[in-house]
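Atoms within a ligand are numbered from 1 in the order they appear, just like the ligands themselves. Computed from a predicted model, the values in this text were never measured in an experiment.
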Amino acid sequence: MASARKIIIDTDPGQDDAVAILLALASPELEVLGITAVAGNVPLALTQKNARVVCELAGRTDIRVFAGCDRPLKRKLVTAEHVHGKTGLDGVALPDPTMPLEDAHAVDFLIETLRREPPGSVTLCPLGPLTNIATAFEKAPDIVGRVAEIVLMGGGYFEGGNITPAAEFNIYVDPDAADIVFRAGVPLVVMPLDVTHKALTSRDWVEGMRSLGTEVGRAVASWTDFFERFDTAKYGSQGAPLHDPCVIAYLIEPDLFTGRHVHVAIELEGTHTLGMTVADWWRVTKNAPNAMFMGSVDRDRFFALLTERIGRF
Ligand code: BDR
Ligand code: CA
């Protein structure tokens with residue numbers, strides 16, 4: 001097998017972030033160089049803790065976890081306890097982590113790692129607001145050209161938004177950071193709500209996780225049960241959208257997803273549209289494409305992959 005792809009997961013766990021982390025840790029195709037936490041679904045003190053809870057659940061206390069930015073670049077932090085619960089990881093009760101948080105700031109870890117590793121060998125996987133990544137790019141512009149690719153969860157076009165009618169949560173929380181990242185010139189793959197709202201859990205799948213009979217299986221089932229309630233109430237859909245695992249699944253099996261290479265701009269001024277990802281899906285401008293904006297997923301294969309990998313714990 002080719003050598004494992006080196007990734008850094010930048011995250012704000014979040015139950016779906018947690019499943020994404022587990023998927024990455026179960027996958028030999030990927031080498032997780034570190035996990036950087038950012039404020040998003042819940043404040044930083046909880047996201048960095050939850051990241052360690054998930055690593056411990058996976059038996060991976062060797063993974064280095066760093067705390068990053070505790071607020072967006074220019075705006076007040078907006079959180080999503082209404083979706084993820086007070087802890088950000090509501091569901092089955094899990095023990096407080098015993099593995100340490102690294103001393104270094106997540107932004108410095110990003111910079112040092114990208115400077116140390118060969119150019120084009122590290123992929124960034126943002127699963128939350130883009131504050132850490134944008135801050136690293138602003139502080140150390142020399143690292144931008146060294147990033148292999150950014151594969152992120154964020155935005156929505158045909159599907160609209162989930163925190164405002166126009167904006168998806170991760171982009172809305174820090175649109176200024178998203179603007180920096182989308183204009184950076186790094187190859188970008190975007191998993192918007194257009195895709196992730198098709199990656200809905202089924203009752204059978206959740207019960208399948210529970211009947212694995214493992215601690216990890218029980219946790220995954222309880223997490224998805226917890227945040228399914230929110231989406232069912234809001235969209236009338238059955239099942240919980242596994243937003244963030246789409247990013248990791250793409251790294252393992254890219255052909256699960258289809259989309260278009262288009263120009264995507266971040267709305268920074270709109271009275272009603274702040275944080276909207278304005279995707280030129282129909283290519284009506286001459287703006288050069290800056291992102292592979294995904295539109296669909298092979299749902300059955302996606303869940304088969306998750307089942308097989310989560311079953312490895
Ligand atoms: C995104 O926002 C968070 O609530 C989820 O973890 C996901 O990253 C979906 O809009
Ligand atoms: Ca997230």
Any donor-acceptor N/O pair, R260 side chain to W281 backbone, under 3.5 Å
yes

Return the set of residues passing side-chain hydrogen bond (donor to acceptor under 3.5 Å, both in side chains) with E102 (not counting sequence neighbours), or none when no residue passes.
none

What lies under 3.0 Å from the Ca ion (ligand 2), restricted to protein N/O/S atoms, is D12 OD1, D17 OD1, D17 OD2, L127 O, D244 OD2

Close-range residues for ligand 1, whose non-hydrogen atoms fall below the 4.0 Å threshold:
D16, D17, N41, H84, L127, M153, N162, E168, F169, N170, H243, D244

Any donor-acceptor pair under 3.5 Å linking the side chain of T285 with the backbone of N287?
yes

Checking E31, E29, E149 against R5 for side-chain hydrogen bond (donor to acceptor under 3.5 Å, both in side chains), the one that qualifies is E149

Without swapping roles, check the side chain of K198 against the backbone of G295 for a donor-acceptor pair under 3.5 Å.
yes

Assess whether side chain to side chain contact (heavy atoms under 4.5 Å, CB included) is satisfied between T277 and V190, documenting all intermediate values.
CA-CA 10 Å; T277 45; V190 179; 6.0 Å; no

Hey, is the main chain of M276 close enough, under 3.5 Å, to the side chain of E267 for a donor-acceptor pair?
no

ring-ring contact (aromatic ring centres under 6.0 Å, His included) filter on F257, not counting sequence neighbours, yields none

My understanding is that only one of D176, D174, D10, D12 makes a side-chain hydrogen bond (donor to acceptor under 3.5 Å, both in side chains) with T131; could you say which?
D174

